[in-house]
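Structure first, then comments.
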4 protein chains.
Amino acid sequence: SLKHIFKEIFKMGLGLQEENQKKALLVSRQKKAENTVIDLKGELVGNGIPSFVFGPCAVESYEQVAQVAEVVKAKGLKLLRGGAFKPRTSPYDFQGLGLEGLKILKQVGDKYDLAIISEIVSPNDIETALDYIDVIQIGARNMQNFELLKAAGKVNKPVLLKRGIAATIDEFIHAAEYIMSQGNGNIILCERGIRTYERATRNTLDISAVPILKQETHLPVMVDVTHSTGRRDLLLPTAKAALAIGADGVMAEVHPDPAVALSDSAQQMDFKQFDEFYKEIQKMLTGVTV
Amino acid sequence: SLKHIFKEIFKMGLGLQEENQKKALLVSRQKKAENTVIDLKGELVGNGIPSFVFGPCAVESYEQVAQVAEVVKAKGLKLLRGGAFKPRTSPYDFQGLGLEGLKILKQVGDKYDLAIISEIVSPNDIETALDYIDVIQIGARNMQNFELLKAAGKVNKPVLLKRGIAATIDEFIHAAEYIMSQGNGNIILCERGIRTYERATRNTLDISAVPILKQETHLPVMVDVTHSTGRRDLLLPTAKAALAIGADGVMAEVHPDPAVALSDSAQQMDFKQFDEFYKEIQKMLTGVTV
Amino acid sequence: SLKHIFKEIFKMGLGLQEENQKKALLVSRQKKAENTVIDLKGELVGNGIPSFVFGPCAVESYEQVAQVAEVVKAKGLKLLRGGAFKPRTSPYDFQGLGLEGLKILKQVGDKYDLAIISEIVSPNDIETALDYIDVIQIGARNMQNFELLKAAGKVNKPVLLKRGIAATIDEFIHAAEYIMSQGNGNIILCERGIRTYERATRNTLDISAVPILKQETHLPVMVDVTHSTGRRDLLLPTAKAALAIGADGVMAEVHPDPAVALSDSAQQMDFKQFDEFYKEIQKMLTGVTV
Amino acid sequence: SLKHIFKEIFKMGLGLQEENQKKALLVSRQKKAENTVIDLKGELVGNGIPSFVFGPCAVESYEQVAQVAEVVKAKGLKLLRGGAFKPRTSPYDFQGLGLEGLKILKQVGDKYDLAIISEIVSPNDIETALDYIDVIQIGARNMQNFELLKAAGKVNKPVLLKRGIAATIDEFIHAAEYIMSQGNGNIILCERGIRTYERATRNTLDISAVPILKQETHLPVMVDVTHSTGRRDLLLPTAKAALAIGADGVMAEVHPDPAVALSDSAQQMDFKQFDEFYKEIQKMLTGVTV
């Protein structure tokens, strides 16, 4: 009918516009067809081979981080995470060791030759961070802290940007654009679960976001299985799903003794669980039991 | 501290109670440790080898269904879906062919020796359905239509129960219990996406629900990739994720000519897309390019 | 710019279409400008003076219902609610007295000359209900139980239709259209909270839905303050908000002894709380302390 | 039964703990029973008489702000809002006039003797802001920008804190605690709608949050009707609901010519709409037609 023809014309028109708008974004696949690959001390994130980021939720001591680094290193892995600045719901919860934590991370990174990923929460700390870490993480709560995004966009250091807890995929992409528009295009996107009504998991892992982000942008996409599920028993199955759907990497928390961890004690893996987790993942990827 | 000791005692107490309550459910894994396997004309759903359900959104004609059946059959598959009763948001949208649709499904199922899955929306039609179809589907909108659940629980016919659009996993499990409490334990659970704020997909596929349901119940769990995403370009990646995370099967819509489909035209695969979809899935499952 | 002009044309075109579609709906304000007013034993719902529906969650005994009826009657009110068929998450929870409950309601309604509102959950019970109650309630879980909607649309009895727990306003309006399209236009819409991530309340009362529904349809709109909040301490403030925003009525649960109620014990008012609740509401409406 | 007795003991225990924890919060009503009243150039926010905040979304020019100030002043009102730093989804959207905007606000505030409310988005700008504005607004996107909260907590200037788009009430309260824990207790909480699946409104106004926040904290609570609804036609009804439920104030956007506004053009009132809006509100509050 005539109505349908008109409708199609309208849709086409709107579609064209949206396409043009997206084409304009520096992070968009339409702007740059090939994948962005980020070199982290030799680990190439986004090159088609999955990368893995492990480490404790929070830096608690040199000992603790070094212990994790050792088991990470022993698996031939290159990336280590650990929080020095911890954004917490209550001001009376452990807020992280701050600069002291960054120093610990730097020491451990140097000793074990691992690339260090750590969250920065204030634009004022971006400069300082350059001396201590290899990847600036911007957390879910700060995904639309535009001052922080712009500050991270002005330095020459890769950024791991987590999706906000209730951010649309479109807002997520635009947050990355805030960084890239300032000059820094070394951005890793990280899906970490969204807030929904469901209470069986801490958040709801939006697994479909991975292929959408890969399609819409040229940036590597990781999945944080710890924060999306909040359940130790779901880390392995969701990691498998993430890899199967095409994620460039998986992030999970590992702690020498989760029971006494200063944060997230219910969801970090201990070393035994970590061994099994990684063995299963390797079996899936290579078809070979390690 | 004393406070923490008390807290742990409280938690244990509450945990015990919840465990007891769950143990009481007939569908729970605690009640029955081994997997329920459902035999659909020889296809064993839940036996560890993934099953696949394909077919058009709605039955439109014998021709249309037969065409799909032919390509499904040609792939060595056994399960065919098609809607005869279509629950639609508007009363003025196509409501399905009703009994006529069931008859078409029966004819096609007989001719191609396929097991037929079709949605029933009224307790009054459950008896009738027994003569025409092999699996009674209960749709998302009716997940808490308890009269329908009870009616389906009283007959000797497998049921495919879809998760409600805003149902918690706990409510989903209890809906299955409504069926099983009436005597019918041949139930397939189907995750099909939940309603969230995100608009890039029609619904948000809650992939974590799969391992949780497998853990909490002994029932097979499928994933409907068509309704969870609403996007043809996401069918393949989400199907891979579903299989990787341990789903017992995948459901997707296939239509001879999606552009003229009476419903869901934007998300059904045509035969060429279906071929590629299935080839990729087989490659993933077997490691061999077909 | 040219782009903007095109955009405006597209928008206008789409707007026109949507408008036409809405105009077609029988429940829409564009179809009928004046308010639908429903006469319930003399109480005119939708005439600009707020109506009130009180009563227990579930019918438990003649005694219990009669006690509530007495206090309702004593306030000069005309409408009484009570559930005979109770849709419950678990099949092992109290499911209501069924037909026995309807009979109790009928007796009480006759004795106190009150109009009775009660939920019906199966199309098969619609006919039976005609003999016992004055308003057929269709609950949130059944808002898209289209067989039930159609059955309710075929009888000459007012319907109170509750919004589904995750239904959009558009879906809600279309559900009402299912009823009206069958001939029955005596429909009261009832906002009762939607499911969101927030856990401080049982559901989130979507107060903006009231003016939108009043604008889009010609039907009376009530607010169920009990189910939207799930908290006794929020009944009065939310009732005030509902009346201030233009709701045609407020619905709340009252029970002689909530502590021993067979369902919803945490959120029903006892008689003393009911007295205070109603006194405060009257003060707000009349500016006079009763 | 024994089980129930245990359950009650557990609940009591957990309840006691939660209560203790809340008692510890400086913002909690249990810590301080009487309402916090904030003096803004003579306007007492939180004293039982509703306050009103009007003004444009963004400061565009001295002219524009002055025009709004004049109509605000003419109504005998004291509070004016206007954004100088605009957090926007895209880096290519208008980002506000920045310091230039603050200067304009200062000039207008001085000339018309109005208290100025404006959003600050970076900890670095808090000090600067002290010289120009009377209330530091912290926006929804920054509700968990803890560095910003702490910076605002260290100065002697009232803060208007907006609820995050997907923040729970509990997180909102703790965000306020971040400010107060640094010494600054002059905090106004502002409900501005939460993100849900519903698309008829920009966000879903969580009206129940108002009485909960009033109950849990001693801080004044405002409702931003512009951002919660995103619809000009809903400003008046939702403002009425907010006042009826006990909000200490209402915030809404007013612009001399919304059609040419650099942001939020679809939802700001022009002067004629503003007149009618305020007249209706006054009628509701005083029972007298002005």
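Residue numbers begin at 1 in each chain, while the letters A, B, ... track the order of the sequences.
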Study note, to complete from the structure: Of the listed B/Gly246, B/Ala200, B/Ala166, the one with the largest count of heavy-atom pairs under 4.5 Å with chain A is B/Ala166
Point to revise | Closest contact, heavy atoms only, A/Ile207 versus B/Ala241 | key: CG1-CB, 4.3 Å
Point to revise | Among the listed options A/Leu236, A/Val210, A/Leu205, A/Leu243, the residue most often paired with chain B at heavy-atom distances under 4.5 Å | key: A/Leu205
Check your understanding: Can you name the residues that form a side-chain contact (heavy atoms from CB on, under 4.5 Å) with B/Ala175, not counting sequence neighbours?
Key -> B/Met143, B/Leu149, B/Leu161
Check your understanding: Side chain, backbone, both or neither: which part of B/Ala242 has a heavy atom under 4.5 Å from chain A?
Key -> neither
Donor-acceptor pairs between chain A and chain B under 3.5 Å, which ones?
{"residue": "A/Arg163", "atom": "NH2", "partner": "B/Glu198", "partner atom": "OE1", "Å": "2.7"}
{"residue": "A/Ala167", "atom": "N", "partner": "B/Tyr197", "partner atom": "OH", "Å": "3.2"}
{"residue": "A/Ala167", "atom": "O", "partner": "B/Tyr197", "partner atom": "OH", "Å": "2.7"}
{"residue": "A/Ile169", "atom": "N", "partner": "B/Glu198", "partner atom": "OE1", "Å": "2.8"}
{"residue": "A/Tyr197", "atom": "OH", "partner": "B/Ala167", "partner atom": "N", "Å": "3.2"}
{"residue": "A/Tyr197", "atom": "OH", "partner": "B/Ala167", "partner atom": "O", "Å": "2.7"}
{"residue": "A/Glu198", "atom": "OE1", "partner": "B/Arg163", "partner atom": "NH2", "Å": "2.7"}
{"residue": "A/Glu198", "atom": "OE1", "partner": "B/Ile169", "partner atom": "N", "Å": "2.8"}
{"residue": "A/Gln215", "atom": "NE2", "partner": "B/Asp233", "partner atom": "OD2", "Å": "2.9"}
{"residue": "A/Asp233", "atom": "OD2", "partner": "B/Gln215", "partner atom": "NE2", "Å": "2.9"}

Review point. Which bit of A/Leu234 comes within less than 4.5 Å of chain B, counting heavy atoms only: side chain, backbone, both or neither?
Key: side chain
